[in-house]
Amino acid sequence: MIEHIQSNGLEIVLSKTNYIEGETWTSTVLSGLWCGALVQGAVATVSERHGRQEWSDRPDDAVCKILLKTELVAEHVPLRGGAVMAAFVRIVPEALYDTLGPEWMASIEDTSSSIARIQGTTSATLAWQMLGCPLHGPARRLYLTGKSMELVSMVMAARIEQSRSHQAVGSAMSLGSNDIRRLYEAQSILVERFDNPPTVPELARSVGLNVRKLGFGFKELFGSSVYAFIKNRRLEHAHLLLQDGDMTVAQAAYACGYRPSHFSAAFRQRFGVPPSTLVANRKRPL
């Protein structure tokens, strides 16, 4: 299911669709500033202007800013079967200046059409909140409009800060290519073992980094601490279990390493709705 909401110069697009690996579809992407996050699945997008771009639910490339001065035709190919879930916001060209203001407009108005990947998990959290919105009618439209503006703000602010500090961060941390490779190895270990992760010292030893460089480097490269990354992966897995499975809230909590008494509060903070909402919604068609 793909839902489109129009609101005061914004187009909000929420995608909750199952695809077969290798299945293709073509779309016309309209001009404007697009900000959003792919929070589940993996998709390759191919266009004449930008070539092939691959997007996945990895924290380092799930969130993006796309500036299109003219519309383009793109072909999309799922890289694995299953659900593709994403939330995008488009600011139409005639509303860009009033929405962004002079400072942010100055940062994009002289650039050609561009695609930027944003590191971090905050914007992905907002996308989950939009996708999980349980409201209907005018209340739903108002909620999604507010979250959309928050998402644009987070993505734009992160992108500008990222471009300003990219060189300085690399120099200050002295992260060489081997350090970055080891940090990605650490991330892969945490993805595979999120249900029983190693301690930070164990993780550091397994990838050949000291604890300080692992902790500081992980946060700079992926936008969150090791602990926060594990917590987010557990909650995202719980979201899938509750949305697509038949587990109770307590069963999902235990399956993801939580006590039920702590799980509901953490889940609501992450996705903006209590886990019981997903259980209730799966019992009736969207």
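For the single chain, residues carry numbers from 1 onward in sequence order. Only heavy atoms go into these numbers, but all of them, side chains included; no hydrogens, no water, no symmetry mates. Please read all numbers here as calculations on a predicted model, not as lab measurements.
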Asks: Would you indicate whether the side-chain heavy atoms of S264 and P274 approach each other to under 4.5 Å?
Replies: no
Asks: Suppose we call two aromatic rings close when their centres sit under 6.0 Å apart. Are Y254 and Y258 close by that rule?
Replies: no
Asks: Keeping to residues at least two apart or across chains, list the ring-ring contact (aromatic ring centres under 6.0 Å, His included) pairs with something in residues 23-43.
Replies: Y19-W25, W25-H76
Asks: Once side-chain hydrogen bond (donor to acceptor under 3.5 Å, both in side chains) is applied, do any residues pair with R52, and if so which ones, sequence neighbours excluded?
Replies: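 For R52, the residues satisfying side-chain hydrogen bond (donor to acceptor under 3.5 Å, both in side chains) (neighbours in sequence not counted) are E54.
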Asks: Within this structure, what is the SG-NE2 distance for the pair C256 and H237, rounded to the nearest 0.5 Å?
Replies: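 Separation between the atoms: 5.0 Å.
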Asks: I'd like to check V29 versus S27 (side-chain heavy atoms, cut-off strictly below 4.5 Å). Are they in contact?
Replies: yes
Asks: For E202, enumerate each residue passing the side chain to side chain contact (heavy atoms under 4.5 Å, CB included) test, keeping only those at least two apart in sequence or located in another chain.
Replies: P198, T199, R205
Asks: Under the rule for salt bridge (charged side-chain N to carboxylate O under 4.0 Å, His left out), what residues qualify as partners of E23, not counting sequence neighbours?
Replies: none
Asks: With sequence neighbours excluded, what pairs up with R80 under the salt bridge (charged side-chain N to carboxylate O under 4.0 Å, His left out) test?
Replies: D57
Asks: With a 4.5 Å cut-off on side-chain heavy atoms, are L33 and M156 touching?
Replies: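 M156 vs L33: side chains touch.
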Asks: Got a sec, which residues hit side-chain hydrogen bond (donor to acceptor under 3.5 Å, both in side chains) with E185, two or more places apart in sequence or on another chain?
Replies: R181
Asks: Any chance you could measure L79, atom CG, to S56, atom OG, to the nearest 0.5 Å?
Replies: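 Output value for this atom pair is 8.5 Å.
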Asks: Could you work out, with side-chain hydrogen bond (donor to acceptor under 3.5 Å, both in side chains) as the rule, every residue matching Q6, not counting sequence neighbours?
Replies: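 With sequence neighbours excluded, Q6 shows a side-chain hydrogen bond (donor to acceptor under 3.5 Å, both in side chains) to no residue whatsoever.
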Asks: How long is the straight-line distance from CZ of R234 back to CD1 of I230, given to the nearest 0.5 Å?
Replies: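 So the gap between those two atoms works out to 6.5 Å.
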Asks: Only counting residues at least two apart or in another chain, list the ones meeting side chain to side chain contact (heavy atoms under 4.5 Å, CB included) with R212.
Replies: N210
Asks: Side chains of S31 and T70: is there a donor and an acceptor less than 3.5 Å apart?
Replies: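 No, T70 and S31 have no side-chain donor paired with an acceptor closer than 3.5 Å.
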Asks: Quick one: OG on S276 to CZ on F267, what's the gap to the nearest 0.5 Å?
Replies: 9.0 Å
Asks: Can you tell me if H4 has over 12 outside heavy atoms packed within less than 6.0 Å of its NE2?
Replies: yes
Asks: Would you sort out whether T28 and L72 count as a side chain to side chain contact (heavy atoms under 4.5 Å, CB included), showing the intermediate values?
Replies: CA-CA 6 Å; T28 299; L72 63 80; over 6 Å; no
Asks: Please list all pairs meeting salt bridge (charged side-chain N to carboxylate O under 4.0 Å, His left out) that have one or both residues in residues 84-95, counting only residues at least two apart or in different chains.
Replies: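 Those involving residues 84-95 are E11-R90.
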Asks: Which atom pair, heavy atoms only, marks the closest approach of A139 to L135?
Replies: O-CD1, 3.8 Å
Asks: Can a salt bridge be assigned to the pair R270 and E236 using a cut-off of 4.0 Å between side-chain N and carboxylate O?
Replies: yes
Asks: Mind checking salt bridge (charged side-chain N to carboxylate O under 4.0 Å, His left out) for E150 and listing every partner two or more places apart, or none if nothing turns up?
Replies: K147
Asks: Please report the interatomic distance OG(S224) to CG(N232), rounded to the nearest 0.5 Å.
Replies: 6.5 Å
Asks: What residues, two or more places apart in sequence or in another chain, satisfy side chain to side chain contact (heavy atoms under 4.5 Å, CB included) together with Q243?
Replies: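 If we apply the side chain to side chain contact (heavy atoms under 4.5 Å, CB included) test to Q243, skipping adjacent residues, the hits are M85, H239, L278.
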Asks: For M149, enumerate each residue passing the side chain to side chain contact (heavy atoms under 4.5 Å, CB included) test, keeping only those at least two apart in sequence or located in another chain.
Replies: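 With sequence neighbours excluded, M149 shows a side chain to side chain contact (heavy atoms under 4.5 Å, CB included) to L10, T99, given in chain and number order.
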Asks: Are more than 12 heavy atoms, taken from residues, nucleotides or ligands other than N178, located less than 6.0 Å from that residue's CG atom?
Replies: yes
Asks: Main chain of V273, side chain of T277: is a donor-acceptor contact present, judged purely on distance under 3.5 Å?
Replies: no
